[in-house]
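Presented below is the structure to which this report refers.
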Amino acid sequence: MKILMINGSPKARGNTGIALREMEQVFAQEGIETELLHIGGQDIRGCIACGGCAEKGRCVFDDLVNQTAAKFEASDGLVVGSPVYFASANATLVAFLTRLFYSTQFDKTMKVGAAVAVARRGGLSATFDELNKFFTISGMPVVSSQYWNSIHGRLPGEAAQDAEGLQTMRTLARNMSFLMKSIRLGKDAFGLPEKEEPVRTNFIR
């Protein structure tokens, strides 16, 4: 099994990285392979709603988004970590996720998603909620921990002093490992849930 981990912080070795590496250690103990991508410092533009991906099967902007698509498809789970900026995720990360989720046509049902938010103090819940929406619109089960998936720290390295936050990350990783393994057993025994043809309701005529 494999988990793709996305670090949305511009600082690869900052507090978001500390949180994700704490999870990585647990995944290794659980026998789950991980790949960590650092995208927070990349030059990634936002979606322009051109619809080109529906024709090409990939985003019209050929950058890290298209390079990540196959890795996302091959993964059993996705972890997304972000620092908090004005009670929101890093704009680069949001642009990346918007294009990644919208331009990829493969079925994401039952891939497991986990969001991690990192802040000095406030805005964690809003960012956590923002990131989870990418999962819930895609049929991806969302992983919980013993508290909201967050950790505190302002200066690089301070998150290592948040004992509760680190424990939250370890619990999150254990829960994610259990859920992924359980879903694998369920898929082998019962297959994926039946899907109906999408119904699009639009009240503007």
**Request:** Apply salt bridge (Lys or Arg N to Asp or Glu O under 4.0 Å) to the pair K111 and E73, showing each step before the final yes or no.
**Result:** CA-CA 9 Å; K111 288 183 182 292; E73 184 173 14; over 6 Å; no

**Prompt:** Does the salt bridge (Lys or Arg N to Asp or Glu O under 4.0 Å) test come out yes or no for K195 and D107, once each step is laid out?
**Reply:** CA-CA 11 Å; K195 282 199 167 187; D107 188 6; 2.8 Å; yes

**Request:** Kindly determine whether R184 and D188 satisfy salt bridge (Lys or Arg N to Asp or Glu O under 4.0 Å), including the steps that lead there.
**Result:** CA-CA 6 Å; R184 172 67 63 86; D188 291 344; 5.3 Å; no

**Message:** If you apply the rule side chain to side chain contact (heavy atoms under 4.5 Å, CB included), what do you find for F61 with I44, and how did you get there?
**Reply:** CA-CA 9 Å; F61 301 119; I44 300 172; over 6 Å; no

**Message:** Quick one, E35 with K71, criterion salt bridge (Lys or Arg N to Asp or Glu O under 4.0 Å). Give me CA distance, side-chain angles, the key distance, then yes/no.
**Reply:** CA-CA 9 Å; E35 180 175 0; K71 296 178 180 182; 2.8 Å; yes

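Minimum heavy-atom separation, L4 to T68: CD2-CG2, 3.8 Å. Taking both residues in full, the closest heavy atoms of N15 and E158 are given as OD1-N, 3.1 Å, listed atom of the first, atom of the second, then distance. Residues V94 and A89 approach most closely at CG2-CB, 3.8 Å, considering heavy atoms. For the residue pair A95 and G46, the shortest heavy atom distance occurs at CB-CA, 3.8 Å. In terms of heavy atoms, T171 sits closest to S145 at CB-OG, 3.4 Å. The minimum heavy-atom distance linking I6 with L20 is given by the pair O-CD1, 3.7 Å.
Atom OH of Y85 is surrounded by more than 12 heavy atoms from other residues, nucleotides or ligands within 6.0 Å. For K2, the NZ atom is densely surrounded, since the number of other residues' heavy atoms within 6.0 Å is greater than 12. Within a 6.0 Å radius of CD1 in I137, no more than 12 heavy atoms belonging to other residues, nucleotides or ligands are found.
For F135, there are no ring-ring contact (aromatic ring centres under 6.0 Å, His included) partners at least two apart in sequence or on another chain. Take D62 and apply the salt bridge (Lys or Arg N to Asp or Glu O under 4.0 Å) test, not counting sequence neighbours, and it matches R58.
Classification of the F106-F72 ring pair by plane angle, with boundaries at 30° and 60°, yields perpendicular.
Of the candidates K108, M140, M176, M140 is the only one forming a side chain to side chain contact (heavy atoms under 4.5 Å, CB included) with L78. Put simply, the residue from Q167, E164, R170 that forms a side-chain hydrogen bond (donor to acceptor under 3.5 Å, both in side chains) with Q146 is Q167.
The shortest side-chain heavy-atom distance between I151 and L166 falls under the 4.5 Å cut-off.
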